[in-house]
Amino acid sequence: MSKHVSLPSVDRLLRADPLIALIEAHGRQPTTNAVRAVLAGMREGLANAEGDTAAASEADIAALVSDRLVRAEAPSLKRVFNLTGTVLHTNLGRAPLAVEAITAMTEAARGASNLEFDLASGRRGDRDSHVEELICALTGAEAATVVNNNAAAVMLVLNTLARRKEVPVSRGELIEIGGAFRIPDIMSRSGCRLVEVGTTNRTHPADFENAIGDRTALLMAVHTSNYSVEGFTSAVPEATLAELAHAKDIPFVVDLGSGTLVDLERYGLPHEQTPRDSISAGADLVTFSGDKLLGGPQAGLIVGRADLIAKLKKNPLKRAMRCDKMTIAALAATLRLYDDPDRLAERLPTLHLLTRPVAELQALAERLTPALAQRLGEGFTVATAPTRGQIGSGALPVESLDSFALTLTPAAKRGRGSALKRLTAGLRTLPVPVIGRVHEDALWLDLRCLDDEVEFVAQLSELSVS
Ligand SMILES: *Cc1c(COP(=O)(O)O)cnc(C)c1O
């Protein structure tokens, strides 16, 4: 038997004191909508309820309305703690920006700017002008342009220089980057025909020579970002591809993917090819991402020969792929940090994270262990362990970064899978969600990217694992 409880009307509720306070804080329309939704939910609950249902007071209803309003106002896109061990994690937004870049973005967002206005002459300007010189200085290129991301950069190059023509690419480089960037698909969408050359593990200069014909628009090398072919392998060096292309009077293009602007060895990291390396090897155009190792906003940078860059800028697709003012502002500020390589690892968050010493991460892990162990209680064993993370976003896939992690292992062998599920779900619902990695019966929290220890600990009191 369900007992009938009459609920107050929407109008009466909106005149009650607790609701008036909510209207002041959240606005009349959102509060009214929330009251309606809460009442509808309660009515449904009452209809289904077996036995007695306590009468709902105005204060009870106001509490439910308040919860609903707070949840509705929370942004969908929020900060998380990336403890996955992958520093440049595409699903978690890749490179964190430098303070200088964030300030520049905010300034650009605030109001009008000289985005496409030449203050010297008073004439129309070019948005690339705010970054072109900086990019050229850092890459040794004659000219540069910027688009929405590197996938767009590759499409723009192919569509401008190779539409209705052929582009030979080594079979060893027909890559898929996560998120549906596949070289063969990008080729066909750009309007050009891919000519597969060589084999998966070995491609020789003669393979390219045989593939080049009257319809060949350009030669292209693709940095095999996210995998490596090992063993009996052979690839044609960029310098050789450049020679072959130039002998036929066609451009040589390199899709570099990550493209760091400095020699990473200087910072104790493994070497990663730079745009300058490709240009020195004879590349006519090089494309790379702004939010990978470069450590800036999402963007696709194209550098190289001035005549080819000018052609790209005339393609209407450039207009469709252009960067907004916030990106230009953040990119320019990020590039300026490179002027001072001595302080780059302090100022560029990506490089800072990549170069954090393992001893520091180990000490952090040891400091955090008691707080986590206390919060998780008997159900989990908390320990520290050395681990290996990765740069991510395709840079140096095989090299891994020595790091340190907290491992959270369910104490009971039975029901381990579901205990881990509850734990990862609980961590995801924290105010700043914590994202780790499940590996061999434990949740691993790689601490390389934990940048706010105090906040991490403070919110643990809200963790519930049930
Ligand atoms: C990452 C990558 C891309 C795609 O770059 P986005 O900036 O993500 O669009 C293309 N090519 C290579 C080789 C890459 O590594």
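Atoms within each ligand, like the ligands themselves, are counted from 1 in listed order.
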Student: Consider ligand 1: state whether an atom of it lies below 4.0 angstrom from any non-hydrogen atom of Met155.
Tutor: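 The answer is no: ligand 1 sits nowhere under 4.0 Å from a heavy atom of Met155.
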Student: If you measure every N or O of Asp291 against every N or O of ligand 1, does any of those distances drop under 3.5 Å?
Tutor: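 Not met; the criterion fails.
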Student: Considering residues, nucleotides and ligands other than Lys313, do more than 12 of their heavy atoms fall under 6.0 Å from its NZ?
Tutor: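 Counting other residues, nucleotides and ligands, NZ of Lys313 exceeds 12 neighbours.
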Student: To the nearest 0.5 Å, tell me how far Phe81 CZ sits from Gln459 CD.
Tutor: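 That separation rounds to 5.5 Å.
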Student: Among pairs that include at least one residue of residues 293-312, which meet salt bridge (Lys or Arg N to Asp or Glu O under 4.0 Å), considering only residues two or more places apart or in two chains?
Tutor: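 Residue pairs passing salt bridge (Lys or Arg N to Asp or Glu O under 4.0 Å), neighbours aside: Asp284-Arg305, Arg305-Asp307.
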Student: Could you pull out all residues at least two apart from His246 that satisfy ring pair (Phe, Tyr, Trp, His ring centres under 6.0 Å)?
Tutor: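 By the ring pair (Phe, Tyr, Trp, His ring centres under 6.0 Å) rule, His246 matches no residue at all.
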Student: Looking at Arg94, which atoms of ligand 1 are within less than 4.0 Å of one of its heavy atoms?
Tutor: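 Heavy-atom distances to Arg94 below 4.0 Å select 6 (P), 7 (O), 8 (O).
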Student: Indicate yes or no: does Glu346 engage Arg343 in a salt bridge with an N to O separation below 4.0 Å.
Tutor: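 So Glu346 does not pair with Arg343 through a salt bridge.
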Student: Has ligand 1 got any nitrogen or oxygen that is less than 3.5 angstrom from a nitrogen or oxygen of Lys292?
Tutor: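 By distance alone, the answer is yes.
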Student: With backbone taken as N, CA, C and O and side chain as the heavy atoms from C-beta onward, which portion of Gln298 lies under 4.0 Å from ligand 1: side chain, backbone, both, or neither?
Tutor: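 None of Gln298 does.
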Student: Does the residue Val154 have a heavy-atom contact with ligand 1, meaning some pair of atoms that are separated by less than 4.0 Å?
Tutor: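 Heavy atoms of Val154 never come under 4.0 Å of ligand 1.
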Student: Please indicate whether any nitrogen or oxygen in His223 is less than 3.5 Å from any nitrogen or oxygen in ligand 1.
Tutor: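 No, there is no polar N/O contact under 3.5 Å.
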Student: Tell me, do Val146 and Leu331 make a side-chain contact under 4.5 Å, heavy atoms counted?
Tutor: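 In short, these two side chains touch, coming nearer than 4.5 Å.
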Student: What are the atoms of ligand 1, with element, lying closer than 4.0 Å to any heavy atom of Ser289?
Tutor: 5 (O), 6 (P), 7 (O)
